[in-house]
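I have placed the structure first, in the form of structure tokens, so that the comments after it can refer back to it.
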Amino acid sequence: MEDYVVDVRGLWTQFGDNVVHRDIDLSVRYGEIMSLVGGSGSGKTTMLRQMIGLERPTRGEVRVFGVSLHGDDAAGLRQIRHRWGMLFQEGALFSALTVFDNVALPMRELRLLDEGLIHDLVMMKLDMVGIELRHASKMPAELSGGMVKRIALARALALEPELLFLDEPTAGLDPDRSESFVSLIKELHLELHLTVVMVTHDLDTLVALSDRVAVLCDQRLEIVGTLDEVVSDTHPFICNFFMGERGRRALEAVKAVKDIVSMT
């Protein structure tokens, strides 16, 4: 087994004169939820896209399941693409396809499954994310924001991935739907033994889900560690991000839960 699910080494990203990432190293362990945070323009989503091969870094290497995404092993790359799923920020459902067809698309692209089996698998995935089967024939325009997120998650899980990438999973959701979606991700992470890489700016989501946090500042990774380790860092961005009113409230809520658990 490879040491890490995702292994980034010497990552450098530059657009013209604008350097976004400078010599970044980051490793994601099996089974953890790793969160990427940083200010606007820090390159969080760019790094996520590089981890799934949608963008190529200026230099450096990204390895997923031990395979270089920009190497010569085309066959190996095709195989590992089926081992991860991606939830884009706005869901990215195909507007001309029904809910059913959106979730079925990755299965059909394999050209290995008959339609009867695809039907059963799609219905199972929809049920897994809490979508009633009566919604399968609806079009994306008929759905609420929360439903779009869940259906996009069902599509990301269509091929039984081991690794899940999430780009701002709770963006645009009201507090109740956001909390429900976080609970769903937490349940699926445990039930499916997923490794998760998540970009988020939402403190409640970050605190509720993260095993470790990687903070992008000034073109580099300022720190990678547990929440306790990260909040002890004195970088101005980290102080402003975590120690503002909302950050303190989120951290205090987690501490209260830990205290209750330790007492039982």
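For the single chain, residues carry numbers from 1 onward in sequence order.
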List the steps and the verdict of side chain to side chain contact (heavy atoms under 4.5 Å, CB included) for H135 and R150. CA-CA 12 Å; H135 296 301; R150 286 174 179 264; over 6 Å; no
Does any N or O in the side chain of [X] come within less than 3.5 Å of the main-chain N or O of [Y], such that one atom is a donor and the other an acceptor?
{"X": "Q14", "Y": "G16", "result": "yes"}
{"X": "R108", "Y": "I118", "result": "no"}
{"X": "D7", "Y": "S27", "result": "no"}
{"X": "K149", "Y": "Q89", "result": "yes"}

Tell me whether E162 is salt-bridged to R83, with the criterion being a basic N under 4.0 Å from an acidic carboxylate O. yes
For a quick check under 3.5 Å, do R9 and S68 share a side-chain donor-acceptor pair by atom type? no
No-hydrogen, no-angle side-chain donor-acceptor test under 3.5 Å, T205 and T200: no
Quick check: closest heavy atoms across [X] and [Y], and the distance to 0.1 Å?
{"X": "P106", "Y": "V103", "value": "CD-O, 3.2 Å"}
{"X": "P57", "Y": "L11", "value": "CB-CD1, 3.2 Å"}
{"X": "L188", "Y": "L194", "value": "O-CD1, 3.8 Å"}
{"X": "A214", "Y": "L221", "value": "CB-CD2, 3.9 Å"}
{"X": "V20", "Y": "G41", "value": "CG1-O, 4.4 Å"}
{"X": "D211", "Y": "G31", "value": "OD2-O, 4.2 Å"}

Does the plane of the ring in H119 sit parallel, tilted or perpendicular to the ring in F100? Use 30° and 60° as the thresholds. tilted
Ring geometry between H235 and F237 (parallel below 30°, tilted from 30 to 60°, perpendicular above 60°): perpendicular
What residue among V231, V230, L206 forms side chain to side chain contact (heavy atoms under 4.5 Å, CB included) with F241? L206
Only one of V122, L143, L133 forms a side chain to side chain contact (heavy atoms under 4.5 Å, CB included) with V99, so which one is it? L143
Gap separating the CG atom of L36 from the OG1 atom of T46, nearest 0.5 angstrom: 11.0 Å
Considering only heavy atoms from C-beta outward, does the side chain of [X] approach that of [Y] to under 4.5 Å?
{"X": "R29", "Y": "R212", "value": "yes"}
{"X": "Q79", "Y": "V67", "value": "no"}
{"X": "Y4", "Y": "V28", "value": "no"}
{"X": "T98", "Y": "M139", "value": "yes"}
{"X": "I151", "Y": "V129", "value": "no"}

Connected via hydrophobic side-chain network under 4.5 Å: L69 and V199: yes
Starting from V213, can I reach M198 by hopping between I/L/V/M/F/W/Y residues whose side chains sit under 4.5 Å apart? no
M128 vs E191, side chain to side chain contact (heavy atoms under 4.5 Å, CB included): CA-CA, chis, key distance, verdict: CA-CA 11 Å; M128 182 184 294; E191 291 175 6; 5.6 Å; no
